[in-house]
Amino acid sequence: MSTSEPETSRSSDDRCTPDALLHSAPGSGIGPEDLVLAAGRDITPATLEWARRKLAAEGPAAIEKLLP
């Protein structure tokens, strides 16, 4: 007996997010706040400074290391 539900009976909330929507598209205006939030941290002066340094060193691609 299978425990999986047929595709038609699943709710729309059960569907996977398309891969294209999961990426941040570096170069589209990534700011320190974005990097802090992607890292799962609270926005504080210390974390914003951390993010500024990381963005200066790695550029907008820094966020890709934090996101799937």
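- The line from CG of Leu35 to CZ of Arg53 is 11.5 Å long, rounded to the nearest 0.5 Å.
- In this structure, the separation between CG on Leu37 and CD1 on Ile43 is 4.0 Å, given to the nearest 0.5 Å.
- Smallest separation of non-hydrogen atoms from Val36 and Ala51: CG2-CB, 3.7 Å.
- Closest of all the heavy-atom pairs between Leu55 and Ala62 is CD2-CB, 4.4 Å.
- Atom NZ of Lys54 is separated from atom CD of Glu49 by 14.0 Å, given to the nearest 0.5 angstrom.
- When all heavy atoms are compared, the tightest approach of Ile63 to Asp34 is CD1-O, 3.9 Å.
- Summarising the geometry, atom CD belonging to Glu64 is positioned 8.0 Å from atom CD1 belonging to Ile30; distances are rounded to the nearest 0.5 Å.
- Thr47 places none of its side-chain heavy atoms less than 4.5 Å from the side chain of Asp42.
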